[in-house]
Amino acid sequence: MNTIFTLFMILIMIISVLLIIIVMAQNPKGGGLSGTFGGTSSAQFGVQRTNDFMEKATWILGGAIVFLILLSVILTAKPSSTMQQAPAKKEAPAPQTAPGTNNTTTMPVPAPAGN
C-alpha cells in the first residue's frame, strides 16, 4: 500500500504545480480586491476575459486534485473491521444453596496424624 500512496502523492503534487502555473498565466477578470479598495480595474484598460481553455483547465485540474485525494484516502485506508477486541472476563459463579438454608461450604479438615 505504501507504493500506491506515494504514487498518489506524486500525482497530486504534479497536478498542483500545473494548477498554479495555469492560474498564474490567466488574465485578471477585473474587480477582486483591487476594485474593492478603490484601485483601477484592469477591465478599464481593455484586458479581455480569460479564454475558455484556461478556465476549463483550472476546473479540471482542481477536480482532479479532489478526486485523487479522495481516491487515495479510500484505497490506502486500513479497514476498521480488523480491530481486536479483548476477551470478556468471566467471573466464577456463586455457590448455589437451596432457599431457606444457611449452609456455608467448608473445606474438610484432615485427620490428625497418629503417633
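We're numbering straight along the sequence, starting at 1.
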If you define the side chain from C-beta out and look only at heavy atoms, does anything of Met13 sit under 4.5 Å from Val17?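 Not touching, per the 4.5 Å side-chain cut-off.
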With sequence neighbours excluded, what pairs up with Ser72 under the side-chain contact (heavy atoms from CB on, under 4.5 Å) test?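 Once residues adjacent in sequence are excluded, the partners of Ser72 under the side-chain contact (heavy atoms from CB on, under 4.5 Å) criterion are Phe8, Met9.
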With rounding to the nearest 0.5 Å, note down the distance linking [atom1] in [X] to [atom2] in [Y].
X	Y	atom1	atom2	answer
Leu19	Ile60	CG	CD1	11.5 Å
Leu68	Leu75	CG	CG	10.5 Å
Ile12	Leu7	CD1	CG	9.5 Å
Ile15	Ile69	CD1	CD1	9.5 Å

Applying side chain to side chain contact (heavy atoms under 4.5 Å, CB included) to Ile65 and Leu61, what does each step give before you reach the verdict? CA-CA 6 Å; Ile65 289 174; Leu61 289 175; 5.6 Å; no
Is [Y] reachable from [X] through a run of I, L, V, M, F, W or Y residues, each pair having side-chain heavy atoms under 4.5 Å apart?
X	Y	result
Leu18	Ile10	yes
Ile14	Ile22	yes
Leu11	Phe5	yes

So which atom in Met54 and which in Gln26 form the shortest heavy-atom distance, rounded to 0.1 Å?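 For Met54 and Gln26, the tightest heavy-atom pair comes out as O-NE2, 3.2 Å.
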